[in-house]
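Below: one structure, written as structure tokens.
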Amino acid sequence: MRLRFAPSPTGYIHVGNVRTALFNFLHAKKHNGEFILRIEDTDIERSTKEYEESLLNSIKWLGLSWNEGPDIGGEYGPYRQSERIDLYKKHAHQLMEEGKAYYCFCTPEELEIEREKAKKEGKPYKYSGKCRDIPMEEAQKRVDSGEKAVIRFKMPQEKDFKYNDLIRGEISFDLNLFGDFVIIRSNGLPSYNYAVVIDDHFMKITDIIRGEDHISNTPKQIKLYEAFGWTPPNFGHLSMVLGPDGSPLSKRHGATSLVQFDEMGYLPEALLNYLAMLGWAPPEDREILSLNELIKLFDITKVSKSGAIFDYNKLNWVNKKHIQNLSEEEILIRGEKFLKDKKIMDGFTTLGDKEKEWFKKAVKAIKTNLTTLTDLPDELNIFFEYKTDKEAFKELREESGKKVLNLLYKTFKEKKEISVKDIFDFIKTAKNEGIKGKELFHPMRVIFTGQSSGVELDKFLEIIGSGDNLSFKRKPLSLFERLEKAINIINKQ
RNA sequence: GCCCCUGUCGUCUAGUCAGGUUAGGACAUCGCCCUUUCAAGGCGGUAGCAUGGGUUCAAGUCCCGUCGGGGGCGCCA
């Protein structure tokens, strides 16, 4: 079995396309088949090398490895349509010789008039077939003399055309509604509907999974296969990915391009996991699955036919679960760029062993709060910065809070240093003074973290305490510094 | 306008092909438990077969209509 993903390098890859790529990949791998990457760059106006490169990088980032493609070649190359022009021309001429295609000299303006007319009369538009009967010899002469022409395929007119869709079952059309369509444009480049057929045939593609916007292209393509005497592949049409309002997902709904999801701190495996479940449900109850598990369980015939709304709630949950499955070290390595941006560290691997251990401990404490990797610096910040929550400080002005603050200050103001052991001693002292439980721990939390909630207090104290003698790019704030800051804030007001 | 696809909790879906279930799960939401706090975790609740007919002892499931959503009708892909 051979499947392909054939994007156009006319922009950054969209999550909808990622889903298409994924389903092709899963279906291929499920059956031990090949996954092929082909670049459809016949739209010379909009295609660029930069987009092609970013496309390849994106698919690589996702972990969807391809067996054949423009960068690695393969038995059935080249894998860029712009490098296959001769092939398209050759076969177009073959069709003309067999009387299945013809030169058309109608100008875009003339066609526009035809379309307008059809619209006015309320009739469905279809190319008139005006040039269909120009004798081949005469047509060839006009072309040789430099007249602009396209090549059109004589679309067989058939009342009850049917094909069997991998996802939707039988779909039928009245081909009388289809006009003769262009296969070679006047600039010599092939049209989409023609190029895919040539390529998919010569690349021995067996199954094609694509968006439902291609359903009505399918009869044209199948008829081309038949005209050449080739066996058409299986077709499966996926529903669209929708925005929260139910309209097709687009930029106005927010992020749609894959690079943005990387920047937002989503894990590629989480994104794939989520996308796989948009329109398909794994059997059994498990939903958090690796790419290999998805391959094992995937079944193209079970994919749903209706459009699916892209839901960040669920994506976030899936991402969170995948992050929890990562080790502390992996989280630090994969979150490196976000930590660099916030100047927390230069890179996990540049750290000394003791510092690495410290960071792992810190991550372990805040791991369950991570939804995306961008949360990593924010959550870790509690160790480096003293961010104060106004509401929380109100508590320190109340009697019980004041008591704890004063007692802490009295105990440590001379020493100017607080160790973890000191804290445990302090807790005993406080208890002797009659302060305990919530009355004690909650103010302590506010004093040392500035917040009324967060990491478990004993873990927090232990981590801060053990960071004292390590060399960091940025030093965690010591307990005494934190106490001082709390005092200052209270005194100021 | 014409053609095609599609409709189960707010969201993603299982169930529809071979009619019989208290219509199941997950996310979100709400509540409880755990926790000196938050989160995580555990337990529980709210919530759905678009609509009207028909077939049948029995319809989410089969048939017809209506309504809604989407796509296509290019020398774009």
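Both backbone and side-chain heavy atoms feed into the values below; hydrogens, waters and symmetry mates do not. In what follows, chains are A, B, ... by sequence order, proteins preceding strands, each numbered from 1.
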| Interatomic distance, A:Trp280 CH2 vs B:rA26 P [rounded to whole Å] | 17 Å
| Separation of the C1' atoms in B:rG15 and B:rU22, to the nearest angstrom | 15 Å
| Is A:Lys302 touching bases, backbone alone, or none of the nucleic acid, heavy atoms closer than 4.0 Å? | sugar-phosphate
| Among B:rC2, B:rA77, B:rG74, which is the nearest nucleotide to the side chain of A:Tyr125? | B:rG74
| How far does the C1' atom of B:rU46 sit from the matching atom of B:rC3, given to the nearest Å? | 43 Å
| Rounded distance (Å) that lies between atom P of B:rG74 and atom CG of A:Leu189 | 20 Å
| query | When you compare B:rC67 with B:rA28, how far apart are their P atoms, in angstrom units rounded to a whole number? | reply | 38 Å
| task | Give a yes/no on whether any side-chain N or O of A:Ser191 is located under 4.0 angstrom from OP1 or OP2 of B:rG74. | result | no
| said: By the 4.0 Å heavy-atom rule, please label A:Val182 as base, sugar-phosphate, or nothing. | reply: sugar-phosphate
| Just wondering, more than 12 heavy atoms not from A:Tyr12 lying within 6.0 Å of its OH? | no
| said: Whether the side chain of A:Asn319 engages the backbone of A:Leu267 through a donor-acceptor N/O pair (distance < 3.5 Å, no angle test) should be reported. | reply: yes
| Using 30° and 60° as the class limits, which term best fits the ring planes of A:Phe25 and A:Phe35: parallel, tilted or perpendicular? | perpendicular
| Looking for any heavy atom pair under 4.0 Å, which part of the strands does A:Ser186 touch: base, sugar-phosphate only, or nothing? | base
| Options B:rU6, B:rG74, B:rC4, nucleotide nearest the side-chain atoms of A:Phe173 | B:rC4
| Taking atom P in both B:rC49 and B:rA40, what distance in whole Å separates the two? | 31 Å
| field | Atom-pair distance (CZ on A:Arg19; P on B:rC12), nearest Å | value | 11 Å
| said: What is the distance, to the nearest angstrom, from the OH atom on A:Tyr127 to the P atom on B:rG72? | reply: 24 Å
| task | Within residues 153-166 of chain A, find the residues that approach RNA chain B with a heavy atom at under 4.0 Å, and present them sorted by residue number. | result | none
| request: Remember a base hit wins even if backbone is also touched, and classify A:Ser239 as base, sugar-phosphate or nothing at under 4.0 Å, heavy atoms. | output: nothing
| query | Can you tell me how far P of B:rC76 sits from CD1 of A:Ile44, to the nearest Å? | reply | 9 Å
| Around atom NZ of A:Lys485, are there more than 12 heavy atoms of other residues, nucleotides or ligands at under 6.0 Å? | no
| Heavy atoms from other residues, nucleotides or ligands near CD of A:Glu53 exceed 12 (cutoff 6.0 Å) | no
| query | What does B:rC2 pair with, Watson-Crick or G-U, if both distances are under 3.5 Å? | reply | B:rG72
| request: Between B:rA14 and B:rU8, how far apart are the C1' atoms? Round to whole Å, please. | output: 10 Å
| field | B:rG24 and B:rG45, which share atom name P, separated by this distance in whole Å | value | 11 Å
| query | Base, sugar-phosphate, or nothing: which does A:Asp174 touch, judged by heavy atoms less than 4.0 Å apart? | reply | nothing
| request: Classify the nucleic acid contact of A:Gly279 as base, sugar-phosphate or nothing, counting any heavy atom under 4.0 Å across all strands shown. | output: sugar-phosphate
| Base, sugar-phosphate, or nothing: which does A:Thr10 touch, judged by heavy atoms less than 4.0 Å apart? | nothing
| query | Contact class for A:His214 (heavy atom, under 4.0 Å): base, sugar-phosphate, or nothing? | reply | base
| said: If I pick the P atom on B:rG7 and the same atom on B:rC17, what distance separates them, to the nearest angstrom? | reply: 14 Å
| query | Just how far, in rounded Å, is P of B:rG74 from CG of A:Leu111? | reply | 9 Å
| Once you round it to whole Å, what is the distance between C1' of B:rU16 and CZ of A:Arg168? | 16 Å
| Minimum-distance nucleotide (side-chain atoms of A:Arg115 versus B:rC76, B:rC75, B:rG25) | B:rC75
| query | Contact class for A:Pro283 vs. all strands (heavy atom < 4.0 Å): base, sugar-phosphate, or nothing? | reply | nothing
| In whole Å, what separates the P atom of B:rA77 from that of B:rG70? | 25 Å
| said: Tell me the interatomic distance from A:Glu116, atom CD, to B:rG1, atom P, rounded to whole angstroms. | reply: 17 Å
| said: In terms of relative ring orientation, are A:Phe105 and A:Tyr103 parallel, tilted or perpendicular, with 30° and 60° separating the classes? | reply: tilted
| Base, sugar-phosphate alone, or nothing: which one does A:Arg286 contact when heavy atoms must sit under 4.0 Å apart? | nothing
| field | Letter per nucleotide, 5' to 3', of nucleotides 28-40 of chain B [B base touched, S only sugar-phosphate touched, - untouched; heavy atoms, 4.0 Å] | value | S-------BBBBS
| note | For B:rG65, the nucleotide meeting Watson-Crick or G-U wobble distances (both under 3.5 Å) is B:rU51
